[in-house]
Amino acid sequence: MAGGHCGSFAAAAASSGEIVQLNVGGTRFSTSRQTLMWIPDSFFSSLLSGRISTLRDETGAIFIDRDPAAFAPILNFLRTKELDLRGVSISALRHEAEFYGITPLVRRLLLCEELERSSCGSVLFHGYLPPPGIPSRKITNTARSSVDARNGLNSTEGETRGSGTQPVLSGNGDETVRLGFPVDPRKVLIVAGHHNWIVAAYAHFAVCYRIKESSGWQQVFTSPYLDWTIERVALNAKVVGGPHGDKDKMVAVASESSIILWSVQDGGSGREIGVFSLGVPVDALFFIGNQLVATSHTGKVGVWNAVTQHWQVQDVVPITSYDTAGSFLLLGCNNGSIYYIDMQKFPLRMKDNDLLVTELYHDPSNDAITALSVYLTPKTSVSGNWIEIAYGTSSGAVRVIVQHPETVGSGPQLFQTFTVHRSPVTKIMLSEKHLVSVCADNNHVRTWTVTRFRGMISTQPGSTPLASFKILSLEETESHGSYSSGNDIGPFGERDDQQVFIQKVVPITNKLFVRLSSTGKR
């Protein structure tokens, strides 16, 4: 078969002249005897001198069963001594070059591999942080129980925090998760950043780093060793008016239903503020101002308030999505409603121990709100009722609702609906220039260009389709609770700038693809 460059290798020397016919895996090549013979002791010199017995095809060409795609660049190297690596796997090419005994080519390819494998950072690198030492276990029962008592946890929850013993967290399956999938203690599970700080969560401890222009990245704080596996992490590097002034930073980690919160001074000394329980597994952990917030899909919201130093848990409808905007927490729920809680009013409501949970909007189709994105226009600060919300539903609908000063008093108005997804919407992002939605069908992304007039989303035309692409990524099969939060695809970045998705195609890889969220460009 004479075909394109994609088969095995055959070389045939025409008995009369200098032209050699090669048939590589069904693909024909023609070259000269001189081209093949200039490297001594190669496969070809042995072949053409008769030292290797030959197998011929029906045209008399010598047949060798190798990959023709890899043979083409090797033949070009023999012809020109030049190497073109476009679209070629270096390791596969080196493997073939070793088979053919092309020593100069093997050396060059080894050099190329070394260059590719450089341990130094390329232009996209900002800093390398060496692995930290694993902290020793030094939590005592008595100290932990007094913390629990101070934070109003009941005694049984206080007693679940022994130092050497594995806590049995009231039969919530934590044990089986830990025993089922042991996590390498040195593996970074989650990285989160805020201002000039980042926190890296390992299986049993967290490490904070700070960057300064003058001194670069520095390790500032290492948490004690925890007996349970970290699944969520949150960082607040700009605590305003906290209990110890503005100097403190706050770091929190969660595992199953338990949360530990530390405050960290700029110098690096940290202290545990408390251990709190949400009573159900924590799905999301984040800060709104000085408040630490934990939410669970079961319909619970836990809030620790920096001013009152008080932890409280509030029951709401089962939560399917959330977003924050200023001091507001917005919850998308499975009953089709969007609720909001104003965290600034939070301390005033401590008497009746009830968070002010208010319904903002109800989906016309009663579908669960599976993704939520709030955009505060530049005018939001002037009049607080200037707000735009994009949300996605369990049926795949994408809707935009707006509340502008003209509509005040009547709540947000439905502005646009897109029914392009056929699977539940998993992510949504409304920014200054784009509306980006992702659905559960292999992270299928649809994007629109948003037109604005004087900062407000405009109706002429409101949104025009821009791109459709997929952010394919294979999940770890034995996925630990931290995997989803540590491998979120995004989009990341400021809402008034170009945002990006981070694509990690397979769980264990040395390649990440950074893709523009608006167009999918890699």
Side-chain angles (χ1 to χ4, degrees), residues 284 319-326 328-334 336-340 359-380 385-404 407 411-440 443-453 455-469 471 488-501 516-520:
I319 299 165
T320 39
S321 56
Y322 79 93
D323 195 17
T324 64
F328 284 93
L329 169 63
L330 285 94
L331 303 172
C333 296
N334 73 347
S337 288
I338 298 174
Y339 298 92
Y340 72 93
E359 186 180 57
L360 182 69
Y361 186 78
H362 189 81
D363 181 65
S365 306
N366 297 318
D367 288 329
I369 313 291
T370 51
L372 194 57
S373 175
V374 185
Y375 181 72
L376 297 177
T377 74
K379 301 208 170 137
T380 302
N385 52 12
W386 195 309
I387 196 168
E388 300 169 357
I389 298 171
Y391 71 87
T393 71
S394 52
S395 66
V398 171
R399 300 188 197 268
V400 178
I401 57 176
V402 297
Q403 181 165 318
H404 291 151
T407 64
Q413 302 293 302
L414 182 59
F415 182 72
Q416 285 175 322
T417 300
F418 303 98
T419 49
V420 293
H421 293 290
R422 297 184 59 190
S423 298
V425 178
T426 53
K427 288 178 172 293
I428 197 154
M429 175 60 74
L430 178 60
S431 61
E432 185 184 9
K433 295 182 177 140
H434 299 110
L435 171 61
V436 177
S437 62
V438 187
C439 81
N443 288 336
H444 172 230
V445 185
R446 272 293 296 262
T447 70
W448 293 266
T449 305
V450 171
T451 318
R452 291 186 177 279
F453 177 67
M456 292 202 301
I457 198 164
S458 159
T459 49
Q460 304 296 340
S463 307
T464 49
L466 178 60
S468 172
F469 54 94
I471 306 283
D488 186 15
I489 60 168
F492 300 105
E494 299 297 323
R495 293 195 190 206
D496 54 359
D497 199 10
Q498 180 64 260
Q499 295 185 311
V500 294
F501 286 112
L516 297 185
S517 69
S518 53
T519 60

Peer 1: Grab the two heavy atoms, one from Val445 and one from Phe501, that are nearest each other, plus how far apart they are.
Peer 2: CG1-CE1, 3.9 Å
Peer 1: If I compare all heavy atoms of Val450 with all of Leu435, which pair ends up nearest, and what's the gap?
Peer 2: CG2-N, 3.7 Å
Peer 1: Write down the atom of Ser517, the atom of Val436, and the distance for their closest heavy-atom approach.
Peer 2: O-CG2, 3.7 Å
Peer 1: Can you name the nearest heavy-atom pair linking Leu376 to Gly326, along with the distance?
Peer 2: CD1-N, 3.7 Å
Peer 1: Contact between Phe469 and Thr519 at the side-chain level, heavy atoms closer than 4.5 Å - yes or no?
Peer 2: no
Peer 1: Quick one: pull up CG in Asp323 and CG in Leu372 and give me the separation to the nearest 0.5 Å.
Peer 2: 5.5 Å
Peer 1: Do Ile471 and Val438 come within less than 4.5 Å of each other through their side chains, counting heavy atoms only?
Peer 2: no
Peer 1: Would you say the side chains of Ser468 and Arg446 form a donor-acceptor pair under 3.5 Å?
Peer 2: no
Peer 1: Answer yes or no: is there a donor N or O on one side and an acceptor on the other, between the side chain of Thr449 and the main chain of His434, under 3.5 Å?
Peer 2: no
Peer 1: Can you find a heavy atom in the side chain of Val398 that is under 4.5 Å from one in the side chain of Ile428?
Peer 2: yes
Peer 1: Taking all atoms of both residues into account, what is the closest heavy-atom pair of Arg399 and Ser365, and its distance?
Peer 2: NH2-OG, 3.0 Å
Peer 1: Please report the interatomic distance OH(Tyr391) to OG1(Thr393), rounded to the nearest 0.5 Å.
Peer 2: 7.5 Å
Peer 1: Could you check whether any side-chain heavy atom of Trp448 comes within less than 4.5 Å of a side-chain heavy atom of Val420, counting everything from C-beta outward?
Peer 2: yes
Peer 1: When you compare the side chains of His444 and Ser423, does any donor N or O come within less than 3.5 Å of an acceptor on the partner?
Peer 2: no
Peer 1: State whether the side chain of Thr320 and the backbone N or O of Ile369 hold a donor-acceptor pair below 3.5 Å, judged by distance alone.
Peer 2: yes
Peer 1: Taking ring-ring contact (aromatic ring centres under 6.0 Å, His included) as the definition, give me every residue that meets it alongside Tyr339, ordered by chain and number, with sequence neighbours left out.
Peer 2: none
Peer 1: Yes or no on side-chain contact (heavy atoms from CB on, under 4.5 Å) for Ile389 and Leu360, after CA distance, side-chain angles and deciding distance?
Peer 2: CA-CA 11 Å; Ile389 298 171; Leu360 182 69; 3.4 Å; yes
Peer 1: With distance as the sole test, does Thr370 use its side chain to make a donor-acceptor pair with the main-chain N or O of Val425 at under 3.5 Å?
Peer 2: yes
Peer 1: Between Arg452 (side chain) and Glu432 (backbone), is there a donor-acceptor pair under 3.5 Å?
Peer 2: yes
Peer 1: Let me see the working for Ile457 and Phe415 under side-chain contact (heavy atoms from CB on, under 4.5 Å), right down to the final yes or no.
Peer 2: CA-CA 9 Å; Ile457 198 164; Phe415 182 72; 3.8 Å; yes
Peer 1: Please step through side-chain contact (heavy atoms from CB on, under 4.5 Å) for the pair Leu330 and Thr324, ending with a clear verdict.
Peer 2: CA-CA 6 Å; Leu330 285 94; Thr324 64; over 6 Å; no
Peer 1: May I ask you to test the Arg495-Met429 pair for a side-chain heavy-atom distance under 4.5 Å?
Peer 2: yes
Peer 1: How close do Ser321 and Ile319 get, heavy atom to heavy atom, and via which atoms?
Peer 2: O-CG2, 3.4 Å
Peer 1: Return yes if some donor-acceptor pair links the side-chain N/O of Gln499 with the main-chain N/O of Asp497 below 3.5 Å, else return no.
Peer 2: no
Peer 1: Given side chains that start at C-beta, do those of Lys427 and Asn443 come closer than 4.5 Å, heavy atoms only?
Peer 2: no
